[in-house]
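Below: the structure, in structure tokens.
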Amino acid sequence: MLNNQMISTRWYLLIFAWVLSFSLSAQDQWKNVYSKSAWTDRDKWQKADEMIRQLNLKPGGVVADIGCHEGYMTFKLSTVVGETGWVYAVDVEQKKLDQLKINQEQSKAKNIIAVKGDYDNPKLPLNAMDAVVIVDTYHEMDDHDKILQHVMAALKPGGRLALCEPIEDGRRKLVRADQERKHELGMNYAIEDLKKVGFTIIKKQDPFVDRAEKGDKMWLLVAVKK
């Protein structure tokens with residue numbers, strides 16, 4: 001027969017295993033949040049339509065989704081600009097672009113152009129974009145000044161850039177390098193970057209999205225090329 005200590009130890013191990021499993025499940029949820037299988041859940045908190053409205057896009061417009069992953073924002077933008085418009089879907093990882101192309105074939109969207117970018121260059125055509133969106137990707141970029149200079153060059157006069165990034169409340173006062181190691185960025189750093197390159201900021205919203213289950217909030221900046 002098992003003594004009380006052995007029973008207690010077994011229960012402890014079972015509880016520990018359950019907590020670990022729950023924790024890993026939660027981590028996987030956010031690790032895979034950009035895969036197509038998670039898009040329906042993402043619709044509940046991302047406020048993508050509200051973000052897109054800030055871009056002032058019209059049918060026939062040209063827009064870029066930098067850090068497109070598998071195409072969550074890309075396909076929403078595709079619907080907005082319609083058959084006469086274009087969406088440049090940019091990512092640095094070929095496997096994500098490969099999956100995006102599979103998703104594109106399934107959706108039959110013909111107005112999406114996949115672009116393999118660099119960490120400091122999205123490789124967009126000059127003076128061609130009505131708008132650009134960068135969602136939860138800006139903190140990953142190697143040279144923010146170069147990226148924004150390329151974005152500025154790609155935008156038409158009056159073109160808009162929307163930046164949306166996460167930050168956990170307890171890390172808002174950390175230096176930039178420490179925030180980026182956590183895959184986050186405070187809005188104040190992005191504001192400095194945008195002004196340095198010459199963008200005019202027309203909207204600041206912090207928080208924009210409260211990802212309560214993740215434990216952070218996402219802010220939104222909208223800037224325009226004059």
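Hydrophobic clustering, with ILVMFWY side chains joined whenever heavy atoms are under 4.5 angstrom apart, groups Tyr88 together with Met141. Leu155 and Ile113 fall within a single hydrophobic cluster, where Ile, Leu, Val, Met, Phe, Trp and Tyr side chains are chained together by heavy-atom contacts under 4.5 Å. Following chains of ILVMFWY side-chain contacts shorter than 4.5 Å, one can reach Tyr72 starting from Val87, so the two form part of one hydrophobic cluster. Under a hydrophobic-cluster definition in which Ile, Leu, Val, Met, Phe, Trp and Tyr are linked whenever side-chain heavy atoms come within less than 4.5 Å, directly or via other members, Val62 and Leu124 are assigned to the same cluster. At a threshold of 4.5 Å between side-chain heavy atoms, the hydrophobic network of Ile, Leu, Val, Met, Phe, Trp and Tyr places Val133 and Ile52 in one connected group.
Interatomic distance, CD of Glu105 versus NZ of Lys110, reported as 12.0 Å (0.5 Å rounding). How far CG of Asp118 is from NE2 of His150: 8.5 Å, rounded to the nearest 0.5 Å. With rounding to the nearest 0.5 angstrom, the CG atom of Leu174 is 9.0 Å from the CD atom of Glu168. One distance of note links OG1 of Thr84 with CG of Asn111; it measures 8.5 Å at 0.5 Å rounding.
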Check your understanding: Given Arg171 and Asp178, is the salt bridge (charged side-chain N to carboxylate O under 4.0 Å, His left out) satisfied, shown in steps?
Key -> CA-CA 8 Å; Arg171 292 192 280 268; Asp178 289 342; over 6 Å; no
Practice item. Determine, stepwise, if the pair Arg172 / Asp206 fulfils salt bridge (charged side-chain N to carboxylate O under 4.0 Å, His left out). Key: CA-CA 12 Å; Arg172 287 177 178 268; Asp206 186 10; 2.8 Å; yes
Check your understanding: Are Met51 and Met73 close enough, and set up right, to give a side chain to side chain contact (heavy atoms under 4.5 Å, CB included), and what steps lead you there?
Key -> CA-CA 10 Å; Met51 192 188 316; Met73 291 295 295; 4.0 Å; yes
**Study point:** Verdict with supporting geometry, Leu97 and Cys68, side chain to side chain contact (heavy atoms under 4.5 Å, CB included)
**Key:** CA-CA 8 Å; Leu97 294 175; Cys68 63; 3.8 Å; yes
Check your understanding: Can you check side chain to side chain contact (heavy atoms under 4.5 Å, CB included) on Asn121 and Ile147, steps first, answer last?
Key -> CA-CA 5 Å; Asn121 186 353; Ile147 279 288; 5.6 Å; no
Practice item. Take Val151 and Val132 through the test side chain to side chain contact (heavy atoms under 4.5 Å, CB included) and record every step on the way to the result. Key: CA-CA 8 Å; Val151 170; Val132 173; 4.1 Å; yes
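Between the Ser107 side chain and the Gln104 main chain, a donor and an acceptor come within less than 3.5 Å of each other. Within the 3.5 Å criterion, the main-chain N or O of Asp169 finds no donor-acceptor partner in the side chain of Lys217. The backbone N or O of Leu185 lies less than 3.5 Å from a partner atom in the side chain of Trp219, making a donor-acceptor pair. Judged by distance alone, with hydrogens and angles left aside, the side-chain atoms of Glu70 form a donor-acceptor pair with the main-chain N or O of Lys36 at under 3.5 Å. Panel note: side chain Asp65, backbone Thr74; a donor-acceptor pair is recorded below 3.5 Å. A donor-acceptor pair under 3.5 Å is absent between the side-chain atoms of Asn103 and the main chain of Gly71, judged by distance alone. Under a 3.5 Å cut-off, the side chain of Asp91 and the backbone N or O of Lys96 do not form any donor-acceptor pair.
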Donor-acceptor pairs are to be reported for all side-chain atoms of residues 195-204 against protein atoms at under 3.5 Å, with residues two or more places apart or in another chain.
| unit_1 | atom_1 | unit_2 | atom_2 | d |
| --- | --- | --- | --- | --- |
| Lys196 | NZ | Asp145 | OD2 | 3.3 |
| Lys203 | NZ | Gln205 | OE1 | 3.3 |

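By the 30° and 60° cut-offs, the orientation of the rings of Phe75 relative to Trp39 is tilted.
Between the side chains of Lys101 and Gln106, not a single donor N or O lies within less than 3.5 Å of an accepting N or O. Asp98 and Gln94 share a donor-acceptor pair across their side chains, judged by distance under 3.5 Å alone.
The residue from His139, Glu184, His144 that alone fulfils the side-chain hydrogen bond (donor to acceptor under 3.5 Å, both in side chains) condition with Arg176 is His144. Under the side-chain contact (heavy atoms from CB on, under 4.5 Å) test applied with Leu161, the options Val222, Val224, Leu148 reduce to a single match, Leu148.
Nearest heavy-atom pair, Val115 versus Pro122, reported as atom, atom and distance to 0.1 Å: CG1-O, 3.6 Å. Considering every non-hydrogen atom in both Lys76 and Ala48, the closest pair reads CD-CB, 3.6 Å. Closest approach of Lys225 and Ala153 over heavy atoms only: NZ-O, 4.2 Å.
In this structure the side chain of Asp130 reaches within 4.5 angstrom of the side chain of Leu57, judged on heavy atoms. At a threshold of 4.5 Å between non-hydrogen side-chain atoms, the residues Ser35 and Gln99 do not count as touching. Under the 4.5 Å side-chain criterion, counting only non-hydrogen atoms from C-beta, Ile112 is in contact with Leu100. Side-chain contact check for Met218 versus Glu165: every heavy-atom pair is 4.5 Å or farther apart. Pro166 has its side chain within reach of Arg211: a pair of non-hydrogen atoms, C-beta onward, lies under 4.5 Å apart. With contacts defined as side-chain heavy-atom distances shorter than 4.5 Å, the pair Ile167/Met187 does not qualify.
No more than 12 heavy atoms of other residues, nucleotides or ligands sit less than 6.0 Å from atom CD of Glu83.
Members clustered with Tyr119: Val92, by chain and number, using a 4.5 Å side-chain heavy-atom cutoff among hydrophobic residues.
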